[in-house]
Amino acid sequence: MAGAMDIYSRFNHNSILDRQIDTLIGLSKGITANGAVDQAEADYLQTWLVQNSHTDNIIIKNLLHKVNEMLADKILDAEESLELLALLHKITGDDCELGELTKTSHLPLSTPVPEIHFMDKTFLFTGTFAFGNRKLCQEKVIALGGKNVPRVTKQLDYLVLGVYSTDSWKHENFGRKIEKAMEYNDKGSSIAIVSEEHWLSFIDN
């Protein structure tokens, strides 16, 4: 019995490490997609690394140490930005052209892409947003006549995925919301699952 538990523990431990690396790769792709790393992105990366540093994942620990050095003065200068960009490119192993959309391209977004209407429509935001925190996104919806809801229901109109959602969404905390929306759609609901970029394109229309 003890041997079986040891095997299970090792499997569970390795599974957690794999999910962390998947998420880090996705996060790194999102940050480097426009060919630069700004202060807000560096701060967010540092926060994520701190939250995941309780494991013995050497990649996360080493990157956190480097980011902590860069942000010791609370400022990411131009030289540090370029160095961090190079580090994240090494993590992704991705030589995609600058500006290529790699953030939410493989998530289960609705097709065809729907138009977004705000008046009396319900919205739920999940993931991390370039527009700002969720409160800012929710305030924008209210200003345009829409409503915000706290969870996925059959009556939800739009589930909006933050631009820094990753391809490993099933392992993320927000993955359950996506799965729930997909389950309702399989049963006849019409919840639109859209990217932050798509949502933003309708804000000023």
Less than 4.5 Å apart, side chain to side chain, heavy atoms only: is that true for [X] and [Y]?
{"X": "Leu76", "Y": "Asp38", "answer": "no"}
{"X": "Ile60", "Y": "Leu24", "answer": "yes"}
{"X": "Val113", "Y": "Leu109", "answer": "no"}
{"X": "Gln39", "Y": "Leu71", "answer": "yes"}

About how many Å separate [atom2] of [Y] and [atom1] of [X], when rounded to the nearest 0.5 Å?
{"X": "Glu196", "Y": "Cys137", "atom1": "CD", "atom2": "SG", "value": "6.0 Å"}
{"X": "Glu79", "Y": "Met70", "atom1": "CD", "atom2": "CE", "value": "9.0 Å"}
{"X": "Thr23", "Y": "Leu27", "atom1": "OG1", "atom2": "CG", "value": "8.5 Å"}
{"X": "Lys180", "Y": "Leu124", "atom1": "NZ", "atom2": "CG", "value": "13.0 Å"}
{"X": "Leu84", "Y": "Leu45", "atom1": "CG", "atom2": "CG", "value": "6.0 Å"}
{"X": "Leu63", "Y": "Asn52", "atom1": "CG", "atom2": "CG", "value": "11.5 Å"}

Please answer: with hydrophobic residues joined when any side-chain heavy atoms are less than 4.5 Å apart, are [X] and [Y] in the same cluster?
{"X": "Val194", "Y": "Ile203", "value": "yes"}
{"X": "Ile116", "Y": "Leu136", "value": "yes"}
{"X": "Ile91", "Y": "Val50", "value": "yes"}

Contact summary for [X] and [Y], nearest pair of heavy atoms:
{"X": "Gln46", "Y": "Leu64", "result": "O-CD1, 4.2 Å"}
{"X": "Ser81", "Y": "Val37", "result": "OG-O, 2.6 Å"}
{"X": "Ala42", "Y": "Val67", "result": "O-CG1, 4.3 Å"}

Do Phe118 and Phe123 have ring centres separated by under 6.0 Å?
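Aromatic pair counts; centres sit under 6.0 Å.
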
Name all residues meeting the salt bridge (Lys or Arg N to Asp or Glu O under 4.0 Å) criterion together with Glu139; count only those two or more places apart in sequence or in a different chain, and write none if there are none.
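Salt bridge (Lys or Arg N to Asp or Glu O under 4.0 Å) check on Glu139 returns nothing, list empty.
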
For salt bridge (Lys or Arg N to Asp or Glu O under 4.0 Å), just list the numbers for Lys66 and Glu80, CA-CA rounded to whole Å, side-chain angles, deciding distance to a tenth of an Å, and then say yes or no.
CA-CA 10 Å; Lys66 191 65 179 177; Glu80 291 167 341; over 6 Å; no

Distance-only check: which donor-acceptor pairs under 3.5 Å involve side-chain atoms of residues 147-161, not counting sequence neighbours?
unit_1	atom_1	unit_2	atom_2	d
Asn148	ND2	Gln138	O	3.0
Thr153	OG1	Gln155	N	3.3
Asp157	OD2	Thr122	N	2.8
Asp157	OD2	Thr122	OG1	3.2
Tyr158	OH	Glu115	O	3.2
Tyr158	OH	His117	N	3.0

Ile193 and Met182: CA distance, side-chain angles, deciding distance, side chain to side chain contact (heavy atoms under 4.5 Å, CB included) verdict
CA-CA 9 Å; Ile193 303 175; Met182 294 171 68; 3.9 Å; yes

Strictly distance-based, threshold 3.5 Å: is any side-chain N or O of Ser195 a donor or acceptor partner for the main-chain N or O of His198?
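Pair found, side chain donor or acceptor close to backbone of His198.
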
